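No experiment lies behind these values; they were computed from the predicted model shown.
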Amino acid sequence: MRKPGLVAALALVLAGLIPASAQAADVNVDGLVASGLSLSVATPSALVLFPNQTNTSVANSVVTSTATSWTLSIKDDTAAGYPSGHTAGHLAKLSGSGPTCSALSSFAGTLSELNAPLAWSATGGNSGNLTGTNQTVKTGSLIQTVPVTYSQAIGATEAVAVNDCYRAVITYTAS
């Protein structure tokens, strides 16, 4: 003969409403730091060039690394399609003109470049003139934002015309 209370209790256990018995299980959740290095560089606002002045613009680069240290370096990308005879580190004239340089994509067929090299300086880091070889901008660790200021001197007698656009293609490397 069945007892009605026992059948009802068994039905509640099977339905999961009352635990049959308490059980516990442990699980390990591990986290392994993987090797990682990333770099992002913001496009600076265009340098507004005036004769007999040094004109500046700033771009932020962000280096993120899981390594204990990193090195950020900068150079002129001399393989970027400059006209023949280009001097590394100098801004070269683009083909065309306009109120914004960003719409122009190629260099002028005949080399025309600014006299002084593009200078750069990093907040809390190094400074120099842009060249065709890697120069150390800054060393650091983990995540850091590195503001880099670009400076372009224009001589009083330098032949620049309204709406002419000049460009240097800069390669940043984080290692």
Does Asn60 reach the main-chain N or O of Thr145 with its side chain, forming a donor-acceptor pair under 3.5 Å?
-> no
Hey, does [Y] have a side-chain heavy atom less than 4.5 Å from the side chain of [X]?
X	Y	value
Ser61	Val146	yes
Val160	Phe50	no
Asn126	Gln135	no
Asn115	Glu158	yes
Val48	Asn55	no
Val58	Tyr150	no

Going by the rule side-chain hydrogen bond (donor to acceptor under 3.5 Å, both in side chains), which residues pair with [X] if we only count those two or more places apart in sequence or in a different chain?
X	answer
Ser57	Ser45
Tyr166	none
Thr131	Thr133
Gln53	none

Leu72 and side chain to side chain contact (heavy atoms under 4.5 Å, CB included): which partner among Asn134, Leu39, Thr139?
->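 Only one option passes, and that is Leu39.
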Identified side chain to side chain contact (heavy atoms under 4.5 Å, CB included) partner of Leu118 from the options Arg167, His90, Gln152 = Gln152
Using the test salt bridge (Lys or Arg N to Asp or Glu O under 4.0 Å), find all partners of Lys93 that sit at least two apart in sequence or belong to another chain.
->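 Lys93 satisfies salt bridge (Lys or Arg N to Asp or Glu O under 4.0 Å) with Asp164 only.
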Minimum heavy-atom separation for [X] to [Y], with atom names?
X	Y	result
Ser65	Leu37	CB-CD1, 3.7 Å
Leu142	Trp70	O-NE1, 3.3 Å
Ser141	Thr68	CB-O, 3.0 Å
Tyr82	Ala168	OH-CA, 3.2 Å
Ala42	Ala59	O-CB, 3.2 Å

Less than 3.5 Å apart, which donor and acceptor atoms pair up between the side chains of residues 106-114 and the rest of the protein, not counting sequence neighbours?
unit_1: Glu113; atom_1: OE1; unit_2: His86; atom_2: ND1; d: 2.9
unit_1: Glu113; atom_1: OE1; unit_2: Thr87; atom_2: N; d: 3.2
unit_1: Glu113; atom_1: OE2; unit_2: Thr87; atom_2: N; d: 3.3
unit_1: Glu113; atom_1: OE2; unit_2: Thr87; atom_2: OG1; d: 2.8

For [X], check side chain to side chain contact (heavy atoms under 4.5 Å, CB included) against everything at least two apart and list the hits.
X	value
Ala88	Asp76, Thr78
Thr54	Ser151, Ala153
Ser40	Val62
Thr171	Lys75, Asp77, Thr173

Please collect all disulfide bond (SG atoms under 2.5 Å apart) contacts where either partner lies in residues 112-147, sequence neighbours excluded, each pair once.
-> none
Does any pair with a residue in residues 62-175 pass disulfide bond (SG atoms under 2.5 Å apart), and if so which ones, sequence neighbours excluded?
->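 Only Cys101-Cys165 qualify under disulfide bond (SG atoms under 2.5 Å apart).
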Stepwise, does the side chain to side chain contact (heavy atoms under 4.5 Å, CB included) test hold for Ile170 with Leu130?
-> CA-CA 9 Å; Ile170 299 172; Leu130 188 64; 3.9 Å; yes
Any chain of hydrophobic side-chain contacts (each under 4.5 Å) joining Leu91 to Leu104?
-> no
